[in-house]
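Counting starts at 1 for both ligands and their atoms, following the listed order.
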Amino acid sequence: MFRRVAIIGGGAAAATLLSELLERKPSQPLHLDWYTGGGTLARGVAYGTASDRHLLNVRAASMSMFAGKPSGFLDFLQREDPTIAGTDFMPRRRYGDYLEAEVARALAQGKANGHDVNVIPFAVEAVVPERDAVTVMHGEESRLFDAAVLALGSLPTQPLSGVSAQALESGRYVVDPWALMANADKLPTPRKVVLIGLGLTAVDVLLELSARWPQTDFTAISRHGLLPEAHLNAAAAPTGDSGELIEAMRESPDVRHWLHLLREALAHERDWRAVLDSLRPHTPGLWRELDQEQRARFLRHARWAWERARHRMPPQVGRSIAALEGEGRLHRLRGRMKSVAVLGDNLQLQLASVPAGNPQTLDADLVIQTTGMNNDIRRTGHPLVGQLLTNGHVVSDPLGLGMQAMPDGRLARGEDYWSNLFAIGSMLRGTLWESTAMPEIRQQARSLADQLLAK
Ligand SMILES: Cc1cc2nc3c(=O)[nH]c(=O)nc-3n(C[C@H](O)[C@H](O)[C@H](O)COP(=O)(O)OP(=O)(O)OC[C@H]3O[C@@H](n4cnc5c(N)ncnc54)[C@H](O)[C@@H]3O)c2cc1C
């Protein structure tokens, strides 16, 4: 059992692991230092939004923090409003309230169970793992632990290549849409806004800024020009039996063959969502069957289709976005951003791969990068991740999907794995593929708590 543990990261994954640990009553009390990075406790980017336009993309019934208490979030909501249903898509702000309430409860419970917890509102700058101990450093402080867990979420977004230094300096090219949305009221209203990327981040930005800036026109570009799919009003009934499909996929781990099998399965099902959702618990196992070449093939050819079908918008969000298009305020374009440069008072985007007849350039008062998550530890300015990689304490996933790790979260050190340095959440994408949302994170938190406390 690891008695002294550092949990590094202040978001939902860290909060869930901490709460799991504090609920337990091991033979000896725990000493936990929780380094939160200094942001709002537990909420992170996802649940830190103050806007009620930003909804969860998972139904309330599936958003419990705890694998052992599946109705946790719904119970929390219904204590205040019994009319809320498990199929509802709630504001993410409410999920942040739930996380905060659960953390407060867990801290009190932990104290009652005799555990010693320090909440340290700073970012960790360096971690040095050794065979028997892990040193964690911030500022002048350096502390020794039996084990450390990285719960860093996704990495800060980097500007896309092709964006000129002048465009970045002008303040008209926005890399962090969340900071922009929080301050939108203080900015002059732009006439024309271009979004690069058309996933769920773009959807959040469109919902918020179209309401704050009612005179603004939006153009969104992406390789395929397609929005994420939407959930149905009623939850899709689980498909009868996906066992055969999964078996067939396992037998032949080849992306082209998998797509063929999926197309066949979808043809026999009334709602494709049911087939896709039935694969979700098996995705990490299936991902492990693919070799490096097949994974790269998946990322090149199928990732965009998977992401837009898997990460769906709530139905009411889909309707709002369709209304924006219907009013002529949102234009979607197929294409790839080649460059962004300053042109007079505006920015000008050069596009590539646009269909014949479409514009090759776009002018905008403001360009917002809405490309979503970054998990590539080789391309980040994150100081702790940089230190871990430079010192050879962690190894990048070869395809840029976080850190190399075992499915149980133990991080790779060259050919071998640390027994006392773990990750949870987005950094495990290369190992598990499906590793960013709460339904997966709560399972990881529970298993990791078991592992940390194992005799
Ligand atoms: C906009 C958005 C909407 C989402 N909606 C949903 C949804 O509806 N349902 C769902 O299940 N999932 C959703 N997700 C997925 C989401 O990633 C997870 O649900 C969850 O928020 C992940 O939590 P995390 O703790 O792993 O990461 P984060 O919330 O990103 O937290 C990472 C934390 O690490 C801290 N940190 C970073 N570096 C250091 C350091 N050196 N030292 C100390 N701390 C550090 C940061 O300050 C931050 O507090 C959404 C994600 C986003 C971005």
Side-chain angles (χ1 to χ4, degrees), residues 6-19 33-49 51 53-65 73 88-96 98-99 103 119-127 136-139 148-157 176-178 181 199-205 207-208 228 231 280 310-314 317 370-375 377 380-388 402 409 423-429 434-445:
I7 301 177
I8 303 169
T16 306
L17 175 64
L18 181 94
S19 305
D33 277 6
W34 183 18
Y35 294 91
T36 66
T40 338
L41 206 64
R43 290 179 183 258
V45 166
Y47 313 115
T49 172
S51 171
R53 294 185 189 94
H54 293 155
L55 302 183
L56 293 170
N57 54 36
V58 177
R59 295 175 201 274
S62 303
M63 279 298 288
S64 176
M65 266 172 93
F73 180 47
D88 289 348
F89 293 93
M90 297 302 293
R92 297 208 297 269
R93 183 182 59 76
R94 291 295 286 143
Y95 195 72
Y98 163 65
L99 290 169
V103 166
V119 181
I120 304 172
F122 296 111
V124 168
E125 283 141 25
V127 170
V136 172
M137 298 176 220
H138 77 89
V149 179
L150 305 180
L152 304 176
S154 290
L155 302 169
T157 317
D176 179 357
W178 307 105
M181 284 190 276
L200 289 176
T201 305
V203 167
D204 272 355
V205 169
L207 288 176
E208 190 61 19
H231 286 282
R280 187 165 175 178
R310 203 356 235 111
H311 302 284
R312 304 194 280 272
M313 314 182 256
V317 169
T370 48
T371 42
M373 288 187 292
N374 170 25
N375 296 312
I377 66 171
T380 179
H382 191 288
L384 171 59
V385 170
Q387 175 266 328
L388 284 164
I424 179 171
S426 294
M427 282 300 119
L428 300 181
R429 272 207 106 181
E434 193 76 76
S435 185
T436 52
M438 284 314 286
E440 282 73 32
I441 284 176
R442 65 173 174 241
Q443 293 292 351
Q444 291 175 18

Distance-minimising heavy-atom pair for Thr49 and Arg93: O-CB, 3.6 Å
Flag, side chain of Trp34 to backbone of Gly9, donor-acceptor distance under 3.5 Å: yes
Protein contact of atom 22 (C) of ligand 1 - nearest heavy atom, named by residue and atom, plus distance: Ile441 CD1, 3.7 Å
Ligand 1 contact on Phe89 by region, counting heavy-atom pairs under 4.0 Å: neither
Residue and atom name of the nearest protein heavy atom (relative to atom 51 (C) of ligand 1), distance in Å to one decimal: Ala46 CB, 3.5 Å
Atoms in ligand 1 with a heavy atom of Leu384 nearer than 4.0 Å: 41 (N)
Tyr47, any N or O under 3.5 Å of ligand 1 N or O: yes
Heavy-atom nearest neighbour of atom 49 (O) of ligand 1 within options Ala437, Gly10, Ala6: Gly10
Pairwise side-chain contact, Met438 with Val58, heavy-atom cut-off 4.5 Å (strictly under): no
Residue Leu56 vicinity, atoms of ligand 1 by number, heavy atom under 4.0 Å: 8 (O)
Presence of salt bridge, Arg92 and Asp204, under 4.0 angstrom: yes
Pro383 and ligand 1 - part of the residue with a heavy-atom distance under 4.0 Å: neither
Numbered atoms of ligand 1 (with element) below 4.0 Å of Gly37, judged on heavy atoms: 43 (C), 44 (N)
Close side-chain approach of His138 to Ile120, heavy-atom, < 4.5 Å: yes
Taking atom 26 (O) of ligand 1 as the reference point, the nearest protein heavy atom with its distance: Ala13 CB, 3.4 Å
Residue pair Thr40 / Tyr47, side-chain heavy-atom distance below 4.5 Å: no
Check: Ser154/Asn375 side-chain N/O donor and acceptor closer than 3.5 Å: yes
Minimum-distance protein heavy atom relative to atom 15 (C) of ligand 1: Thr436 O, 3.3 Å
Backbone or side-chain N or O of Met438 under 3.5 Å from ligand 1 N or O: yes
Contact atoms of ligand 1, heavy-atom distance to Ile8 under 4.0 Å: 42 (N), 43 (C)
Any Pro228 side-chain heavy atom under 4.5 Å of Met313 side chain: yes
Under 4.0 Å to a heavy atom of Gly44 - the qualifying atoms of ligand 1, by number: 29 (O)
Proximity to ligand 1 by part of Met63, non-hydrogen separation under 4.0 Å: side chain
Top protein contact for atom 41 (N) of ligand 1, by heavy-atom distance: Val124 O, 2.9 Å
Atoms in ligand 1 flagged as close to Tyr35, the criterion being non-hydrogen separation under 4.0 Å: 43 (C), 44 (N)
Polar side-chain atom of Arg442 near backbone of Thr16 as donor-acceptor pair, under 3.5 Å: no
Residue, atom name and distance, where the atom is the protein heavy atom closest to atom 8 (O) of ligand 1: Asn57 N, 2.8 Å
Numbered atoms of ligand 1 (with element) below 4.0 Å of Trp178, judged on heavy atoms: 1 (C)
Contact with ligand 1 for Ala151, non-hydrogen, under 4.0 angstrom: yes
Partner of Thr36 by side chain to side chain contact (heavy atoms under 4.5 Å, CB included), out of Ile7, Val119, Val124, Ile8: Val119
Main-chain N/O of Ile377 paired to His382 side chain as donor or acceptor, under 3.5 Å: no
Plane angle bin for His231 and Phe89 - parallel if under 30°, tilted between 30 and 60°, otherwise perpendicular: tilted
Structural part of His54 in contact with ligand 1, heavy atom criterion under 4.0 angstrom: neither
Protein residue, atom and distance nearest to atom 30 (O) of ligand 1, heavy-atom basis: Gly153 CA, 3.8 Å
Per-atom contacts, ligand 1 versus Pro439 - under 4.0 Å to a heavy atom: 11 (O)
Heavy-atom side-chain contact between Tyr95 and Met65 under 4.5 Å: yes
Tyr95 and ligand 1 - part of the residue with a heavy-atom distance under 4.0 Å: neither
Backbone or side-chain N or O of Ala12 under 3.5 Å from ligand 1 N or O: yes
N/O donor-acceptor pair under 3.5 Å between Glu125 side chain and Pro383 backbone: no
Region of Arg92 engaging ligand 1 - heavy atom pairs below 4.0 Å: side chain
Minimum-distance protein heavy atom relative to atom 37 (C) of ligand 1: His382 NE2, 3.6 Å
Side-chain touch Met90/Tyr98, heavy atoms, less than 4.5 angstrom: no
Side-chain heavy atoms of Met427 within contact of Leu150, under 4.5 Å: no
